[in-house]
Asker: 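Got a structure for you, questions after.
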Amino acid sequence: MTKRNIIALIDCNNFYVSCERVFDPSLEGKPVAVLSNNDGCMVSRSAEVKALGIPMGAPAFKHEALIAKHGGTLLSSNYALYGDMSMRVMQTLEQFSPEIEIYSIDEAFMSLNGFPTVDLEAYATQIRDTVKRWTGIPVSVGIASSKTLAKVANHWAKRVPGFKGVLSLLDEERLEKALKLTPVGKVWGIGRQYDKFLRGCGIENAWQLRNADERFIDRYLTSVGHKTVLELQGYHAISLEEAPQDKKSILVSRSFGKQVDSLEELKEAVSSHVSVAAQKLRQQNSLAARMMVFLSTNRFKEGPQYSNSKQMVLSPPTAYTPELIKYAMELLEEVHLPGFEYKKAGVMFSELVSSDDVPLNFLETNYLDDKRKVLMDTMDKLNRKNRRDTLFVASCGTKQQWQMKRARLSPAYTTRWSDLPRAK
DNA sequence: TCTGGGGTCCTAGGACCC
DNA sequence: TCTGGGGTCCTAGGACCC
């Protein structure tokens with residue numbers, strides 16, 4: 001932990017919007033925002049939208065008119081497209097270092113240990129230019145001696161035009177200056193609550209947090225907060241995770257495109273969510289030992305509210321969709337109260353165990369040792385090869401009127417890869 | 001009319017046992 | 001009848017992230 005490390009954080013600039021612009025260059029230079037599921041709120045905003053003062057997560061309907069007035073565009077999210085683009089960006093990045101952690105769909109940490117430090121910003125510029133040329137996506141690069149400091153570096157690389165998307169904070173003087181200018185709430189790991197608390201204690205910026213009294217940190221911050229402080233001091237307290245870890249829980253939920261009051265429709269929706277979640281489960285070779293079903297009314301709407309969940313232990317653990325759906329329906333019946341207009345439902349699997357760790361010769365019949373697994377594998381294979389819903393369990397329904405809205409979806413670029421524009 | 005979804009980690013406190 | 005302390009395990013919920 002004490003060894004001097006060099007970490008780069010590469011972060012795509014307003015990633016979803018940038019993906020859309022790669023395929024539709026006419027969106028360049030205009031306000032563009034990509035909306036969350038159900039076309040609800042803005043989850044990716046172009047610089048022009050930010051300049052209009054529209055905050056992250058703002059409901060679309062509130063700002064629709066303003067965006068239209070400035071010749072802008074709102075788009076439904078197209079995760080198939082963003083997933084593909086993300087893969088291309090990450091593959092490009094892998095050429096620049098043997099040690100890389102894909103942290104999210106639009107971010108990666110990279111170890112630059114052993115690289116000649118004098119030219120690191122030049123190297124970062126080369127990374128940036130290459131990603132832009134090969135994928136069309138603009139990125140920013142922050143370099144520092146810990147992940148948390150690399151986040152700070154990236155923050156300023158993105159916001160100060162003079163840095164041209166690249167900033168190294170390996171230099172102590174520059175680091176001090178940057179940390180003094182960084183509000184404490186912008187530090188990775190400091191959210192709204194800690195921001196408020198720390199400010200109340202007179203800690204306003206990252207530099208003050210870095211130098212805060214150790215007893216104060218021990219007393220008022222959790223172990224996570226403690227790590228954050230160490231990271232600000234330049235220690236490598238949060239390590240680079242190169243191999244993607246298996247999920248410890250899998251959750252699938254959706255808001256409905258309309259209010260839903262019938263139990264039948266709720267059953268269809270939950271069946272569908274269970275099907276998707278179970279497929280994810282099998283994809284990482286896991287079985288679930290616990291399942292939770294939950295639903296809720298629209299919290300933004302006047303009227304009676306209800307939100308609740310029920311869970312059960314699955315013994316033996318399973319990943320067999322029909323079985324999971326059967327139990328999920330029982331949970332749903334328990335948790336459902338008639339007379340409410342529901343807006344959202346979902347399912348969560350937790351206490352996941354690897355198939356390899358489950359003994360095959362249980363006395364009970366086991367998902368793994370009979371035909372059920374073969375059936376699921378076949379279904380997954382078919383659905384991967386064709387559309388995701390080529391084969392599905394009947395309880396998911398066919399009308400699916402509760403489905404989410406995606407009224408502003410961009411064309412299906414991903415089905416026409418030959419059209420992918422090659423940037424000059 | 002219209003306000004997302006999917007994760008992780010940590011802690012406090014209850015239940016239970018001796 | 002009232003009084004104890006310590007330990008573990010589990011769960012709900014909070015806080016944070018993208």
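These numbers were taken from a predicted model, which means no experiment stands behind them. Naming: A, B, ... by sequence-line order, numbering from 1 per chain.
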Asker: Determine the contact category for A/E241: base if any of its heavy atoms lies under 4.0 Å from a base atom, sugar-phosphate if only primed atoms, P, OP1 or OP2 are that close, otherwise nothing.
Answerer: nothing
Asker: Ignoring the backbone of A/E107, work out which of C/dA15, B/dG5, C/dC18 is nearest its side chain.
Answerer: C/dC18
Asker: How are the rings of A/F216 and A/Y220 set to each other: parallel, tilted or perpendicular (split at 30° and 60°)?
Answerer: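 If you compare the ring of A/F216 with that of A/Y220, the planes turn out tilted.
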Asker: On DNA chain B, nearest-nucleotide positions of A/V224 versus A/K344: which is more 5'?
Answerer: A/K344
Asker: Please state how far atom CZ in A/R290 lies from atom C1' in C/dC10, giving the value in whole angstrom units.
Answerer: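 Checked: the CZ to C1' distance equals 9 Å.
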Asker: Can you see if the side chain of A/K151 gets near the phosphate of C/dC18 - specifically, an N or O under 4.0 Å from OP1 or OP2?
Answerer: yes
Asker: Does the plane of the ring in A/Y16 sit parallel, tilted or perpendicular to the ring in A/Y82? Use 30° and 60° as the thresholds.
Answerer: parallel
Asker: At under 4.0 Å, does any side-chain N or O of A/S253 touch on OP1 or OP2 of B/dG6?
Answerer: yes
Asker: From the list B/dG4, B/dC2, C/dC16, which nucleotide is the closest neighbour of the side chain of A/K405?
Answerer: B/dC2
Asker: Would you indicate, yes or no, if B/dT8 has its OP1 or OP2 atom less than 4.0 angstrom from a side-chain nitrogen or oxygen of A/Q245?
Answerer: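 No, outside the criterion.
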Asker: Looking at B/dT8, which nucleotide sits across from it as a Watson-Crick or G-U wobble partner, both distances under 3.5 angstrom, or is there none?
Answerer: C/dA15
Asker: Would you indicate what A/I190 reaches in the nucleic acid, counting non-hydrogen atoms under 4.0 angstrom: base, sugar-phosphate, or nothing?
Answerer: sugar-phosphate
Asker: Taking the side chain of A/K343 as heavy atoms from C-beta outward, which of B/dC2, C/dA15, B/dT3 is closest to it?
Answerer: B/dT3
Asker: What is the separation between atom CG on A/N298 and atom C1' on B/dT1, rounded to the nearest whole Å?
Answerer: 11 Å
Asker: Roughly, in whole Å, what's the span from CZ in A/F294 to P in B/dG6?
Answerer: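 That distance rounds to 8 Å.
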Asker: Report yes if at least one side-chain N or O of A/K301 is closer than 4.0 Å to OP1 or OP2 of B/dC2; otherwise report no.
Answerer: no
Asker: Can you figure out which of B/dG4, B/dT3, B/dG7 approaches the side chain of A/N37 most closely?
Answerer: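 When the side chain of A/N37 is considered, B/dG4 is the closest of B/dG4, B/dT3, B/dG7.
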Asker: Which is true for A/D39 with a 4.0 Å heavy-atom rule: it touches a base, it touches only sugar-phosphate, or it touches nothing?
Answerer: nothing
Asker: Where the side chain of A/C41 is concerned, which of B/dG5, C/dC18, B/dT3 is the nearest nucleotide?
Answerer: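 Nucleotide nearest to A/C41's side chain: B/dT3.
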Asker: Could you check how far CD1 of A/I238 sits from P of B/dC10, rounded to whole Å?
Answerer: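 About 11 Å, once rounded to whole Å.
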Asker: Looking at A/R384 and A/D380, is any side-chain nitrogen of the basic one under 4.0 Å from a carboxylate oxygen of the acidic one?
Answerer: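 Not counted as a salt bridge, because no side-chain N and carboxylate O are separated by less than 4.0 Å.
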Asker: Look at A/S223 and B/dC10 and indicate whether a side-chain polar atom (N or O) is within less than 4.0 Å of OP1 or OP2.
Answerer: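 For A/S223, the contact criterion (side-chain N or O under 4.0 Å from OP1 or OP2 of B/dC10) is met.
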Asker: Got a salt bridge between A/R199 and A/D195, using NZ or NE/NH1/NH2 to carboxylate O under 4.0 Å?
Answerer: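 Yes, A/R199 and A/D195 are salt-bridged.
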Asker: Using the side-chain heavy atoms of A/Q311, tell me which of these nucleotides is nearest: C/dA12, C/dT11, C/dC18.
Answerer: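 Closest of the options to the side chain of A/Q311: C/dA12.
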Asker: Starting at CE of A/M292 and ending at P of B/dG5, how long is that distance when rounded to a whole Å?
Answerer: 14 Å
Asker: Within the pair A/S249 and B/dT8, is there a side-chain N or O less than 4.0 Å away from OP1 or OP2?
Answerer: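 For B/dT8, OP1 or OP2 has a side-chain N or O of A/S249 closer than 4.0 Å.
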Asker: Select base, sugar-phosphate, or nothing to describe what A/I250 touches, counting heavy atoms under 4.0 Å on all strands.
Answerer: sugar-phosphate
Asker: Using a cut-off of less than 4.0 Å, is there contact between a side-chain N or O of A/R192 and OP1 or OP2 of C/dG14?
Answerer: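 Result: no.
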Asker: Between A/K151 and A/E231 (salt bridge meaning N to carboxylate O under 4.0 Å), is one present in this structure?
Answerer: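 Judged by the 4.0 Å cut-off on N to carboxylate O distance, A/K151 and A/E231 do not form a salt bridge.
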Asker: Taking the minimum atom-to-atom distance to the side chain of A/K62, which one of C/dA15, C/dC17, B/dT3 wins?
Answerer: B/dT3
Asker: Salt bridge or not for A/K164 and A/E121, using N-O below 4.0 Å?
Answerer: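 A/E121 and A/K164: not salt-bridged.
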Asker: Does OP1 or OP2 of B/dC9 have a side-chain N or O of A/T222 closer than 4.0 Å?
Answerer: no
Asker: Just checking A/N38: base, sugar-phosphate only, or nothing, at a heavy-atom cut-off of under 4.0 Å?
Answerer: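 Counting heavy atoms under 4.0 Å across all strands, no contact is made by A/N38.
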Asker: Is any side-chain N of the basic residue among A/R21 and A/E48 closer than 4.0 Å to the acidic one's carboxylate O?
Answerer: yes
Asker: Between A/M56 and A/D246, name the one whose nearest nucleotide on DNA chain B is closer to the 5' end.
Answerer: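 That would be A/M56.
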Asker: So, does A/K248 get its side chain near the phosphate of B/dC9, meaning an N or O under 4.0 Å from OP1 or OP2?
Answerer: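 A/K248 to B/dC9 OP1/OP2: side-chain N or O found under 4.0 Å.
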Asker: In whole Å, what separates the P atom of B/dT3 from that of C/dC17?
Answerer: 25 Å
Asker: Just the rounded figure in Å: distance from P of C/dC17 to CG of A/L251.
Answerer: 19 Å
Asker: For the P atoms, the ones on B/dC2 and on C/dC18, what distance do you get once it is rounded to whole angstrom?
Answerer: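 These two P atoms come out 30 Å apart once rounded.
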Asker: Starting at CH2 of A/W188 and ending at P of C/dC18, how long is that distance when rounded to a whole Å?
Answerer: 8 Å
Asker: Could you check whether the rings of A/F109 and A/W188 sit parallel, tilted or perpendicular, using 30° and 60° as the cut-offs?
Answerer: tilted
Asker: Mind checking if A/V187 touches a base, just sugar-phosphate, or nothing, with heavy atoms under 4.0 Å?
Answerer: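 Counting heavy atoms under 4.0 Å across all strands, the contact made by A/V187 is with sugar-phosphate only.
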Asker: Calculate the interatomic distance between A/K247 atom NZ and B/dG5 atom C1'; express it in whole Å.
Answerer: 13 Å
